[in-house]
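The structure appears below as structure tokens.
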Number of protein chains: 2
Amino acid sequence: MTIHKHAPDIVVGRLPVYLRALSAMQAAGKHVTSSQELADWLGISSAQIRKDLSHFGEFGKQGTGYSVAMLQERLRHILHLDREWPVVVVGMGNIGNAIAHYTGFERRGFRVVGVFDNDPSKIGARIGAFVVQDTASLISFVREHDIRHAMLAVPAEHAQSVADMLIEGGVVAILNYAPINLVVPPHVRVEYIDPVAHLQKMTYYIS
Amino acid sequence: MTIHKHAPDIVVGRLPVYLRALSAMQAAGKHVTSSQELADWLGISSAQIRKDLSHFGEFGKQGTGYSVAMLQERLRHILHLDREWPVVVVGMGNIGNAIAHYTGFERRGFRVVGVFDNDPSKIGARIGAFVVQDTASLISFVREHDIRHAMLAVPAEHAQSVADMLIEGGVVAILNYAPINLVVPPHVRVEYIDPVAHLQKMTYYIS
DNA sequence: TAGATTGTTAATCGATTAACAATC
DNA sequence: TAGATTGTTAATCGATTAACAATC
């Protein structure tokens with residue numbers, strides 16, 4: 001059995017940020033960059049970038065820096081983004097709707113393959129490219145399609161029970177838009193999107 | 001001149017999370033809680049909660065714990081949420097639309113007071129309770145209404161120039177939905193909402 | 001009072017930064 | 001070669017945890 005030592009979580013969380021910056025650089029026509037240039041771009045230190053990357057290997061050339069295309073490719077590989085992952089969305093309110101219409105997933109490694117709601121007036125309706133399915137069929141759907149990722153946009157009071165269903169079907173990565181903390185087994189990851197929490201945090205520093 | 005020493009940023013960022021948990025507890029009819037109960041709820045250590053709170057004062061009773069209502073009130077005060085803050089939304093695509101329809105702001109200290117876009121086919125249209133205004137009038141609007149908060153939901157290529165306008169009008173807290181890093185002066189805070197980055201981070205741990 | 005839980009101190013742990021030899 | 005920048009080490013800095021006296 002292979003013992004696989006993960007990099008620190010806080011480092012892993014910065015890799016998508018680096019990827020985002022590299023995409024912007026590529027769009028700007030840059031072919032080569034340096035830890036210093038990336039650092040200026042992101043407002044962090046160049047040492048941190050080099051240290052972070054050193055957890056995964058050596059990707060640069062002394063005196064020259066990094067190939068933008070190559071570093072992107074390597075980071076995508078590290079994050080397992082060198083394939084496309086199917087994702088389901090549960091909850092077709094405002095937020096679920098916006099997600100179902102959002103076109104930015106494919107380019108970055110994901111594809112929404114199904115959207116769900118438990119409201120009879122929504123089930124069967126078209127939203128964007130999708131027909132809304134009944135949440136009652138959620139477990140079998142994620143199981144049959146081998147889905148690991150879900151975006152959860154149901155009201156707070158239903159978030160935990162829907163999360164339980166997703167996990168039963170095999171989902172291990174949940175992006176939770178409901179402003180409530182989920183309790184999940186250790187093999188499941190949850191990340192939270194709570195815009196108001198960000199506004200509240202920034203407000204501490206005002207006046 | 002008063003020298004005001006801020007608590008660590010990482011601690012400030014957890015206060016909204018505590019506030020969220022306390023709201024859930026209040027909704028569940030709890031009147032009193034403890035650092036241990038909050039910790040279990042959130043999946044962190046009770047020592048961290050007590051240490052975090054100790055940056056701001058003493059809010060509990062030995063042997064008893066914390067009054068849910070009182071701790072909420074104190075945290076709201078610390079975060080300057082004991083008033084309602086006006087917010088503008090710029091960019092009326094999918095995401096801006098969802099934000100304009102979202103009803104969860106008021107309860108947590110914010111009120112959307114204006115929505116903007118630069119697309120002539122959208123300007124003047126009703127979206128939720130709002131009439132879409134021309135981005136050309138953004139600077140004067142935020143200045144006249146003394147607005148400090150903005151949510152930025154324009155395409156990535158326009159995010160920086162709109163941010164510059166917001167800042168010129170006096171905005172100091174920007175919640176950026178565009179997957180691009182903004183460069184801003186030191187008195188301005190930016191937080192990022194990038195759902196795909198969260199999905200990418202979680203994907204590192206899969207398989 | 002006895003039991004429970006706070007607020008705080010000190011120890012531990014981990015992350016960031018500075019510095020530089022290696023080398024393209 | 002000379003200049004630039006990496007990858008890495010060691011030092012610093014900061015955050016988390018454990019432990020417990022204080023006290024409700």
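Order of the sequence lines fixes the chain letters, A, B, ..., with proteins taken first and strands second; residue numbering starts at 1 for each chain. Computed from a prediction, not measured in an experiment: that's the story for all the values here.
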For [N], which nucleotide in any strand shown is its Watson-Crick or wobble partner with both distances under 3.5 Å?
N      : result
D:dG3  : C:dC24
D:dA19 : C:dT8
C:dG14 : D:dC13

Using the rule salt bridge (Lys or Arg N to Asp or Glu O under 4.0 Å), only one of B:Arg111, B:Arg76, B:Arg107 pairs with B:Glu84; which is it? B:Arg111
Do any side-chain nitrogens or oxygens of [X] fall under 4.0 Å of OP1 or OP2 in [N]?
X       : N      : value
B:Tyr66 : C:dG7  : yes
A:Gln48 : C:dT16 : yes
B:Ser45 : D:dT16 : no
B:Arg14 : D:dA15 : no

Report the distance from atom [atom1] of [X] to atom [atom2] of [N], rounded to the nearest whole Å.
X       : N      : atom1 : atom2 : answer
B:Ile10 : D:dC13 : CD1   : P     : 18 Å
B:Glu58 : D:dA22 : CD    : C1'   : 11 Å
A:Asp52 : C:dA15 : CG    : P     : 10 Å
B:Arg74 : C:dG7  : CZ    : P     : 10 Å
B:Leu53 : D:dT16 : CG    : C1'   : 15 Å
A:Leu38 : D:dG7  : CG    : P     : 12 Å
A:Arg50 : D:dA4  : CZ    : P     : 15 Å
B:Lys51 : C:dC13 : NZ    : P     : 17 Å

Go nucleotide by nucleotide along DNA chain C from the 5' end; which of A:Thr64 and A:Val11 gets its closest nucleotide reached first? A:Val11
How are the rings of A:His6 and B:Tyr204 set to each other: parallel, tilted or perpendicular (split at 30° and 60°)? tilted
Quiz question: by atom type and distance under 3.5 Å, do the side chains of A:Tyr177 and A:Asp194 form a donor-acceptor pair? no
Does the side chain of B:Ser46 come under 3.5 Å of the side chain of B:Arg50 through a donor N or O and an acceptor N or O? yes
Assign each of A:Gly63 and B:Lys61 to its nearest nucleotide of DNA chain D by heavy atoms, then name whichever residue's nucleotide is nearer the 5' end. A:Gly63
Out of C:dT5, D:dA15, C:dA18, which nucleotide sits closest to the side chain of A:Ala47? C:dA18
Would a 4.5 Å heavy-atom cut-off, applied to side chains only, mark B:Glu37 and B:Lys30 as touching? yes
A:Ser35 near the nucleic acid: base, sugar-phosphate alone, or nothing, with a heavy-atom cut-off under 4.0 Å? sugar-phosphate
